[in-house]
Number of protein chains: 2
Amino acid sequence: MAASIIDVARRAEVSTATVSRALRGLPNVSEATRERVLRAAEELSYAVSPHASSLASGRTGTVGVILPFVNRWFYSQVVAGIDSVLRANDLDILLYNLGDERVHERFFARMPPRRRVDALIVLNLPLSATESESLVSLEVPIAVLGTRIPGCWHVSIDNAEGTSTAVRHLINLGHRRIGMISGALGDPRGFTTPIVRQHAYRTVLAQAGIPYDPDLEAPGNLTIDEGASAMAQLLSLPDPPTAVFAESDQMAFGALRTMGRMGLRAPDDVSVIGFDNHETAELLDLTTIAQPVAYQGELLAQQILDALSGSSEEPAQVVVPTRLVVRGTTGAARVARPRHPSSPRPGPEPDQHSRTTAR
Amino acid sequence: MAASIIDVARRAEVSTATVSRALRGLPNVSEATRERVLRAAEELSYAVSPHASSLASGRTGTVGVILPFVNRWFYSQVVAGIDSVLRANDLDILLYNLGDERVHERFFARMPPRRRVDALIVLNLPLSATESESLVSLEVPIAVLGTRIPGCWHVSIDNAEGTSTAVRHLINLGHRRIGMISGALGDPRGFTTPIVRQHAYRTVLAQAGIPYDPDLEAPGNLTIDEGASAMAQLLSLPDPPTAVFAESDQMAFGALRTMGRMGLRAPDDVSVIGFDNHETAELLDLTTIAQPVAYQGELLAQQILDALSGSSEEPAQVVVPTRLVVRGTTGAARVARPRHPSSPRPGPEPDQHSRTTAR
DNA sequence: TTGTATGCGTTATCAA
DNA sequence: TTGATAACGCATACAA
């Protein structure tokens with residue numbers, strides 16, 4: 001059996017209270033006794049029982065991280081960022097992967113982190129009002145990435161801004177027929193990011209006087225394969241896009257794959273821009289909107305530390321900047337295109353697109 | 001304040017012992033009282049305190065996962081596999097990321113999972129004898145991926161076999177000048193996998209009568225960038241390889257990038273084969289040795305469940321098969337090569353390589 | 001089937 | 001500065 005605080009107290013010839021104080025480095029312990037206690041603990045290779053400690057103190061030394069995927073690049077990067085700063089502060093990470101819908105439901109039905117964590121970090125998970133309330137009712141600090149929960153700490157990027165930059169980049173290159181591969185729009189959980197990005201995409205096009213064409217929006221669900229399918233769909237249009245904005249690099253990769261299989265090249269045939277600056281983006285020479293992924297995790301963890309230390313009274317909201325990284329998959333629109341002989345003109349092209357805009 | 005078991009007991013007009021039994025679905029509770037208890041708990045929105053429960057029972061409902069990286073594809077896949085089966089059994093995952101060396105040391109100095117987990121899963125982490133003993137001394141079941149710890153459960157692939165298959169694939173294509181980009185050989189922690197693979201590589205070459213040339217082995221450290229550097233090094237040899245085996249797909253990606261920048265193509269100029277079947281491997285049409293990554297995580301978790309249920313007396317050792325996936329980056333060796341005019345011949349080529357074999 | 005009583009290993013309050 | 005002791009919230013052996 002492992003040694004308990006009582007054993008240490010006996011050996012050091014002090015009370016358990018003193019042992020507890022000495023071991024935790026609290027003041028009001030004489031150096032002499034502290035050393036005696038430390039030695040005794042060492043000799044017995046004593047370690048506190050975290051459960052007993054938690055039970056008595058109410059603190060758990062643990063932060064719950066709730067996320068929709070553990071195995072996707074983005075989330076694993078964020079977790080790494082979180083881990084690096086929490087670990088430095090001796091906080092453990094309890095992982096709640098709510099990818100599966102039933103797991104998600106079960107989670108909110110039973111609230112496993114209840115009394116089990118000192119704080120929560122929620123990554124990009126769309127929550128219903130009641131679900132958010134359940135989390136808030138745990139009465140621990142909560143830091144949220146991407147989405148919003150009233151009263152909680154927040155970190156996010158400016159998705160509208162990032163998207164606008166991406167689409168404007170294409171417009172500035174002379175493209176006017178610009179497709180978008182969007183992600184997880186159909187997910188029943190209702191991720192908000194794709195909605196925001198879709199809106200920004202449409203807004204920028206409108207601002208540039210480019211008519212809206214729903215055919216140019218293809219759903220991709222954030223995976224390589226879905227991105228590939230979406231691209232295939234776009235390229236099979238009567239009047240296919242000359243440039244495509246994919247809402248994630250992964251989908252852009254899929255798009256490039258489809259192009260490759262069709263014998264097309266970026267940017268000669270179609271320009272492609274992604275989002276994230278995934279580790280493979282440089283490899284594939286993909287132009288993209290970079291966001292600091294691990295750094296967002298670090299920020300979330302730092303917010304938790306602030307909340308736990310009580311140094312900040314108000315939950316902060318941090319928006320981290322995105323950055324256009326121009327690589328080889330985007331290029332100037334060709335003046336004359338095979339299937340679309342008319343040269344690009346400013347302003348709408350009503351005759352050509354009346355079918356789609358009439359929808 | 002949250003309701004306690006006493007509140008529930010009062011409301012249901014039974015003892016706390018009965019509440020405990022009823023809530024955990026133990027037998028020896030009449031249906032009537034069980035329902036009364038359940039209703040009372042529901043009305044008070046009662047949830048057991050995991051710490052109190054752990055303290056009293058000795059069980060924690062938590063499994064510790066110890067790994068060297070959380071943000072690499074391989075490990076995030078394994079964790080996803082582990083999560084899927086543990087979550088289905090209501091076990092939580094406590095993450096111990098020992099990537100940083102100081103974190104590693106600190107971990108073994110303080111043993112944070114002590115009394116905090118019901119079991120441990122160790123992913124590919126090389127441990128010293130004393131470190132292994134520290135883990136074993138926790139007296140919980142341990143399942144290990146990749147490396148070995150006496151008395152523990154094991155899951156691994158046959159690295160020698162996988163490597164042999166890869167190298168033989170290249171030999172069968174007619175290659176005789178075959179380079180290897182190895183991973184993490186220099187890491188002070190001493191990962192064993194690269195050593196095994198390096199040995200297998202040399203063995204297969206020897207069996208094929210191909211002389212050993214240390215210049216053809218370049219260290220890569222498992223990252224894209226390092227793989228790229230290693231490839232650059234190999235291609236700058238006076239007599240560069242016609243085929244390269246990279247110990248991980250990531251490094252193979254880097255190798256392909258280097259080739260691309262040098263204007264070389266696979267397999268026309270150099271054949272490249274990787275290891276893992278990374279999600280991006282298909283995208284880049286990379287020939288590789290596939291291993292079931294998430295599945296290994298599931299197996300580890302299943303072993304833990306077996307150990308915890310006590311159904312198996314002996315720790316099992318599972319070796320999962322690898323599989324050659326032939327894609328577009330490997331091809332037949334060209335009969336005549338620019339820098340190496342002599343056609344490939346079976347058997348050693350003492351004159352040509354005496355310099356290197358003499359080392 | 002149910003209840004009683006004790007133990008689990010700390011922390012924190014209060015008094016000395 | 002130190003000690004005694006009451007929580008903390010539950011599980012479980014034992015008794016009924």
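Numbers restart at 1 for each chain; the letters A, B, ... are given by sequence-line order, proteins then strands. Only heavy atoms go into these numbers, but all of them, side chains included; no hydrogens, no water, no symmetry mates.
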* Asked: Is the NZ or CZ atom of B/R72 positioned over B/F74's six-membered ring, under 6.0 angstrom from the centre and within 45° of the axis?
  ->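 So B/R72 doesn't make the cation-pi contact.
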
* Structure fact -> residues 43-52 of chain B vs salt bridge (Lys or Arg N to Asp or Glu O under 4.0 Å), sequence neighbours excluded, gives B/R11-B/E43

Please write out the pairs of protein N or O atoms and N or O atoms of nucleotides 3-6 of chain C separated by less than 3.5 Å, giving the distance to one decimal.
{"from": "C/dG3", "atom 1": "OP2", "to": "B/S15", "atom 2": "N", "distance (Å)": "2.9"}
{"from": "C/dG3", "atom 1": "OP2", "to": "B/S15", "atom 2": "OG", "distance (Å)": "3.3"}
{"from": "C/dG3", "atom 1": "OP2", "to": "B/T18", "atom 2": "OG1", "distance (Å)": "2.8"}
{"from": "C/dG3", "atom 1": "N7", "to": "B/R21", "atom 2": "NH2", "distance (Å)": "2.9"}
{"from": "C/dG3", "atom 1": "O6", "to": "B/R21", "atom 2": "NH1", "distance (Å)": "3.2"}

* To do: Under the side-chain hydrogen bond (donor to acceptor under 3.5 Å, both in side chains) rule, collect the residues that match up with A/N159, sequence neighbours excluded.
  =>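 A/N159 satisfies side-chain hydrogen bond (donor to acceptor under 3.5 Å, both in side chains) with A/R197 once adjacent residues are dropped.
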
* To do: For the residue pair A/H154 and A/Q303, confirm or rule out a side-chain donor-acceptor distance under 3.5 Å.
  =>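 The criterion, which ignores hydrogens and geometry beyond distance, is not satisfied for A/Q303 and A/H154.
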
Between [X] ([atom1]) and [N] ([atom2]), how many Å, whole number?
X: A/I6; N: D/dA4; atom1: CD1; atom2: P; value: 12 Å
X: B/R114; N: C/dG9; atom1: CZ; atom2: P; value: 14 Å
X: B/L23; N: D/dG9; atom1: CG; atom2: C1'; value: 13 Å
X: B/R10; N: C/dT2; atom1: CZ; atom2: P; value: 20 Å

* Asked: Do NZ/NE/NH1/NH2 and the carboxylate oxygens of B/R34 and B/E31 come within less than 4.0 Å?
  -> yes

* So, are A/R87 and B/D100 salt-bridged, with charged N and O less than 4.0 Å apart? -> no

* Asked: OP1 or OP2 of D/dT1 sitting under 4.0 Å from any side-chain N/O of A/R36?
  ->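 Checking D/dT1 against A/R36, no side-chain N or O comes under 4.0 Å of OP1 or OP2.
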
* Asked: Taking the inter-plane angle between the rings of B/H51 and A/H51 on a 0 to 90° scale, is it parallel (under 30°), tilted (30 to 60°) or perpendicular (over 60°)?
  -> tilted

* To do: Could you list by number each residue of residues 46-60 of chain A showing a heavy-atom separation from DNA chain C of less than 4.0 Å, or answer none if no residue does?
  => A/Y46, A/A47, A/V48, A/S49, A/A52, A/S53, A/A56, A/S57, A/R59

* Interface residues of residues 26-34 of chain B with DNA chain C (non-hydrogen, below 4.0 angstrom) -> B/N28, B/V29, B/S30, B/T33

* Bend angle of the helix from C/dT1-D/dA16 to C/dA16-D/dT1, from helix axes over five pairs at each end, nearest 10° ->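 End-to-end axis angle for the helix from C/dT1-D/dA16 to C/dA16-D/dT1: 30°, rounded to 10°.
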
